[in-house]
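Structure record follows, encoded as structure tokens.
In what follows, chains carry the letters A, B, and so on, assigned in the order in which the sequence lines appear, proteins first and then strands, with residues in each chain numbered from 1.
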There are 2 protein chains.
Amino acid sequence: MTPDQQGSAPTLEQVAKVAGVSRSTVSRVINDSPKVTPEALAAVRKAIDELGYVPNRAARILASRRTQSIALVIPENTARFFADPYFATVVQGIAMYLSDTDYTLSLVIAAERDGEKTRRYLQAGNVDGALILSHHSDDRSYTQLARSIPVVFGGRPMSHEGSEAYYIDVDNVEAARNVTRRLIDKGRRRIATIAGPSDMSAGLDRLEGWTQALDAVGMPTDLVEHGDFSPAGGEAAMRRLLERGAPIDGVFAANSLMAQGALNVLRSHGKAVPQDLGLVTFDNDYAAQSSNPRSRLSNSRRSNRGAGWSTCCCISSTAARCRRSP
Amino acid sequence: MTPDQQGSAPTLEQVAKVAGVSRSTVSRVINDSPKVTPEALAAVRKAIDELGYVPNRAARILASRRTQSIALVIPENTARFFADPYFATVVQGIAMYLSDTDYTLSLVIAAERDGEKTRRYLQAGNVDGALILSHHSDDRSYTQLARSIPVVFGGRPMSHEGSEAYYIDVDNVEAARNVTRRLIDKGRRRIATIAGPSDMSAGLDRLEGWTQALDAVGMPTDLVEHGDFSPAGGEAAMRRLLERGAPIDGVFAANSLMAQGALNVLRSHGKAVPQDLGLVTFDNDYAAQSSNPRSRLSNSRRSNRGAGWSTCCCISSTAARCRRSP
DNA sequence: ATGAAAGCGCTAACAG
DNA sequence: CTGTTAGCGCTTTCAT
């Protein structure tokens with residue numbers, strides 16, 4: 001397909017000609033420079049309208065060395081991206097913020113195998129900076145990236161080089177501790193956890209919070225099964241937990257999708273929530289709100305604390321803090 | 001791995017110098033030109049590796065007038081984009097196809113108010129072509145776009161100018177007719193429909209198919225309520241249907257999300273599916289498969305026909321056909 | 001405040 | 001097959 005078949009787009013030069021000014025002046029108008037006389041400005045605007053001129057982005061980027069766009073990198077496959085409400089939440093937040101600016105969001109759904117392609121894209125000057133979500137410890141492709149462009153991780157990155165990285169995160173340990181304490185306060189005595197993957201900080205930190213809460217009251221911390229943050233993973237983990245044969249009257253699932261999976265298993269095993277067993281989890285997202293029973297978010301005042309009902313699904317609010325890791 | 005200098009990305013010229021060849025030759029290597037001697041090729045590759053060179057995309061686009069990327073435009077807001085499995089399906093399909101190519105997908109989630117910004121983006125030479133999904137009749141911003149870049153609509157576009165547009169679609173009328181006939185064949189006699197929005201071709205066509213099926217056997221076509229393809233819309237429509245007081249023993253919902261909503265309302269009204277009432281719908285997607293009762297896809301042989309069980313959720317397969325509208 | 005000139009990094013004829 | 005020569009459309013000093 002040859003692009004030249006299409007009508008050639010008007011250039012800045014043509015606008016300049018029509019407006020009777022130089023290209024520089026047109027450029028200044030486009031870039032909202034204050035040093036343009038009202039007359040020149042009016043003439044240029046008129047010419048732009050008449051010609052239907054739209055500045056060529058590639059040329060702008062090349063000349064200015066700025067792209068006016070940032071990448072959101074999701075190191076997961078497309079199916080997972082759509083299945084996990086977490087990503088939807090983040091994308092919505094970014095899109096909302098960016099809509100007030102001239103920046104463009106470049107969403108990069110990068111399955112592991114595309115690592116090289118993705119890195120090239122990010123280093124080829126396509127974006128002014130990158131936001132990297134859902135980082136796994138075995139993935140080092142992005143930590144070096146920070147030498148080329150500004151990088152911020154969503155959630156504390158796992159790798160060693162990442163220790164110099166910027167990131168934004170919630171206090172997963174404290175939130176998990178708080179939400180587990182809810183179960184304890186409600187009288188639950190045999191509390192299990194469906195932990196997240198061990199190669200992600202959110203998985204490790206939430207497990208740590210759960211452990212701390214139980215340790216603090218001298219309760220056993222042996223009922224641990226890991227999942228992969230997916231409903232299927234949550235189901236499998238819940239099943240393994242039940243197969244142990246030990247009595248369980250409380251579960252902390254590390255995310256809402258796994259809680260959903262756990263709920264399915266519990267139902268099919270005839271366990272009633274919250275009567276037989278209390279279930280708490282993270283994130284009051286779509287998955288949590290559409291489950292049966294659905295989540296009940298506690299009115300926690302301190303935004304960075306996890307909290308909720310031990311009688312049912314429970315939510316930790318996720319106020320973000322930005323910081324540089326130690 | 002050599003540490004690259006922050007800020008100064010290596011250029012093609014530097015690669016040429018290191019490799020001891022001209023810039024043209026480097027360019028040829030980058031672009032997989034066959035006319036390069038093995039020696040030159042090796043030298044250039046070595047230089048590229050040593051320098052960690054990545055071609056600048058903006059420069060390439062500017063010089064070649066090709067972007068190697070196509071846009072998928074979703075004229076909906078972000079929340080809806082994530083809520084409707086339809087978009088996930090499409091994006092996955094495109095991503096899968098594109099992953100074997102050098103093309104990049106530029107996903108444009110364009111809420112209505114961003115229309116102008118989106119149009120500028122598409123006309124600024126950012127993409128080689130655009131795919132436009134979920135087109136509404138009141139939205140004319142994209143029909144003119146075809147004069148600048150190649151445009152294909154996903155689903156027949158509604159506007160007049162669109163009559164010259166390329167589009168890809170399923171035969172919604174026939175699929176809806178077939179799936180409705182299933183209800184009839186199963187003995188349902190008072191069949192309603194939860195139709196899609198009237199400003200979208202999928203809404204109109206599926207309603208038409210339902211109407212044709214009932215007309216063919218002389219059954220009344222008065223039980224129509226419209227929804228907006230969302231679960232809430234489906235709930236509201238189902239509620240309105242029930243409030244009419246007329247007996248209903250079959251429902252065709254124009255998409256799975258509305259079927260899901262309808263199912264919720266039916267359950268809370270004590271209506272059992274499929275015992276009291278048969279429900280059929282479109283698309284065997286995540287929403288249909290995770291509903292309760294979940295969908296049962298019929299083994300329809302002809303891929304462009306809608307089909308399924310009238311006893312429960314029913315699915316029309318959606319084999320695509322590409323064509324230019326009449 | 002404005003214009004002239006010099007590139008940004010790459011591709012694309014065109015000779016050789 | 002390779003190098004040379006022009007730009008792609010825009011921003012950006014630097015004079016004026």
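Side chain of B:Ser69 to main chain of B:Val127: no donor-acceptor pair is present (N/O by atom type, distance under 3.5 Å, no hydrogens or angles). Checking side-chain atoms of A:Asn172 against main-chain N and O of A:Ala202 turns up no donor-acceptor pair under 3.5 Å. Looking only at distances, a side-chain donor or acceptor of B:Asn255 sits under 3.5 Å from a matching main-chain atom of B:Phe229. In this structure, A:Thr25 contributes its side chain and A:Val21 its backbone to no donor-acceptor pair below 3.5 Å. With hydrogens and angles ignored, the 3.5 Å screen pairs no side-chain donor or acceptor of A:Ser27 with any backbone N or O of A:Arg23.
Looking at heavy atoms from C-beta onward, A:Arg66 lies out of side-chain contact with A:Ile61 at the 4.5 angstrom threshold. No side-chain heavy atom of B:Leu131 sits under 4.5 Å from any side-chain heavy atom of B:Phe153. Using a 4.5 Å heavy-atom cutoff, the side chains of B:Leu12 and B:Tyr53 are in contact. The shortest side-chain heavy-atom distance between A:Val108 and A:Leu72 does not fall under the 4.5 Å cut-off.
Across all strands, A:Ser27 comes closer than 4.0 Å to base atoms (heavy-atom distances).
Within residues 34-46 of chain B, no residue places a heavy atom under 4.0 Å from DNA chain C. Within residues 17-26 of chain B, the residues approached by DNA chain C to less than 4.0 Å at the level of any non-hydrogen atom are B:Arg23, B:Ser24, in residue-number order. Taken residue by residue, residues 55-63 of chain A places heavy atoms nearer than 4.0 Å to DNA chain D at A:Pro55, A:Asn56, A:Ala59, A:Arg60, A:Ala63. The stretch residues 120-127 of chain B has no heavy atom under 4.0 Å from DNA chain D, so no residue of it qualifies as close.
Applying the ring-ring contact (aromatic ring centres under 6.0 Å, His included) criterion to A:Tyr121, with sequence neighbours excluded, gives no partner residue. Applying the ring-ring contact (aromatic ring centres under 6.0 Å, His included) rule to A:Phe81 yields the partners A:Phe87, B:Phe82; only residues at least two apart in sequence or on another chain are considered. A:Tyr103 pairs by the ring-ring contact (aromatic ring centres under 6.0 Å, His included) definition with nothing, not counting sequence neighbours. A search for salt bridge (Lys or Arg N to Asp or Glu O under 4.0 Å) contacts involving A:Asp128 returns nothing, not counting sequence neighbours.
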Dot-bracket summary - DNA chain C, pairs being Watson-Crick or G-U whose distances fall under 3.5 Å, with | when paired to another strand: |||||||||||.||||
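Annotation for B:Leu204 and B:Met158: closest pair CD1-CE, 3.7 Å, computed over non-hydrogen atoms. Closest approach of B:Ala124 to A:Pro55, counting heavy atoms only: CB-O, 3.3 Å.
A donor atom on one side chain and an acceptor atom on the other are found under 3.5 Å apart for B:Gln123 and B:Ser148. Defined by atom type and a distance below 3.5 Å, a donor-acceptor pair is missing between the side-chain atoms of A:Thr78 and B:Gln92. In summary, the side chains of A:Ser33 and A:Asn31 do not present any donor paired with an acceptor at a separation below 3.5 Å, with no hydrogens or angles considered.
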For nucleotides 14-16 of chain D, which of its nitrogen or oxygen atoms have a protein nitrogen or oxygen under 3.5 Å away, and what is each distance?
none

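Screening residues 36-60 of chain A for salt bridge (charged side-chain N to carboxylate O under 4.0 Å, His left out), with sequence neighbours left out, gives A:Lys46-A:Glu50.
Note that the first and last nucleotides of DNA chain C, 5' to 3', having any atom under 4.0 angstrom from a heavy atom of chain B are C:dG9 to C:dA13.
Here B:Leu105 contributes atom CG and B:Leu98 contributes atom CG; the two are 5.5 Å apart, rounded to the nearest 0.5 Å.
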